[in-house]
Amino acid sequence: MNDIKWKVLREDYLENLGLKVTLYAPTSCASTIRIESEKKAIRTIGGSRYETKGIYILKDGKRIKHKYSSFTEAKAAAERMIR
């Protein structure tokens, strides 16, 4: 089975909410499916760390209601949608 590679399409920092939002897109196929990762900033003395708040799949620009706990789960579900 052929694995689909994912690349970072965009990364936004929302300072007022303390969030980092990363958008991933498949590299080898022209698809409208994206994976969106939301991470909450945890401020420490040495800088920031991030904990995953939620990982979602975007299909045709709309967020699917299901929230994934890991990128691997979201990637597998998105790959099933693409195929």
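Not a single donor-acceptor pair under 3.5 Å links the side chain of Lys40 to the backbone N or O of Leu17. At least one donor-acceptor pair closer than 3.5 Å links the side chain of Ser31 to the backbone N or O of Ile33. With hydrogens and angles disregarded, a donor-acceptor distance shorter than 3.5 Å links the side chain of Thr27 to the backbone of Lys5.
Residues Pro26 and Arg34 are in side-chain contact: their nearest non-hydrogen atoms beyond the backbone lie under 4.5 Å apart.
The minimum heavy-atom distance linking Ala74 with Ile55 is given by the pair CB-CG2, 3.6 Å. Taking both residues in full, the closest heavy atoms of Gly54 and Lys67 are given as CA-CE, 3.7 Å, listed atom of the first, atom of the second, then distance.
By the 4.0 Å N-to-carboxylate-O rule, Lys39 lies too far from Glu51 to be salt-bridged with it. For Arg43 and Glu15, the salt-bridge test passes: some basic side-chain N is under 4.0 Å from an acidic carboxylate O. Comment: Glu38 engages Arg63 in a salt bridge, judged by a side-chain N to carboxylate O separation of less than 4.0 angstrom.
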Walk me through whether Met81 and Ile57 qualify under side-chain contact (heavy atoms from CB on, under 4.5 Å). CA-CA 10 Å; Met81 288 180 195; Ile57 294 177; 4.1 Å; yes
Could you walk me through whether Val21 and Glu36 pass side-chain contact (heavy atoms from CB on, under 4.5 Å), step by step? CA-CA 7 Å; Val21 180; Glu36 182 181 59; 3.7 Å; yes
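Rounding to the nearest 0.5 Å gives a distance of 11.5 Å between NZ of Lys53 and OG of Ser37. Rounding to the nearest 0.5 Å gives a distance of 6.0 Å between CG of Leu58 and CG of Leu23. Taking OH from Tyr68 and OG1 from Thr52, the interatomic distance works out to 15.5 Å, rounded to the nearest 0.5 Å.
Screening Trp6, Phe71, Tyr56 against Tyr24 for a ring-ring contact (aromatic ring centres under 6.0 Å, His included) leaves a single residue, Phe71.
Linking ILVMFWY residues whenever their side-chain heavy atoms come closer than 4.5 Å, directly or via other members, leaves Leu14 and Val8 in distinct clusters. Linking ILVMFWY side-chain heavy atoms closer than 4.5 Å, directly or via other members, places Ile35 and Ile82 in a single hydrophobic cluster.
Sparse packing is recorded around NZ of Lys59, with 12 or fewer heavy atoms of other residues, nucleotides or ligands lying under 6.0 Å away. Residue Arg49 qualifies as open at atom CZ: its count of foreign heavy atoms under 6.0 Å is 12 or below.
Residues satisfying the ring pair (Phe, Tyr, Trp, His ring centres under 6.0 Å) criterion with Tyr13, sequence neighbours excluded, are absent altogether.
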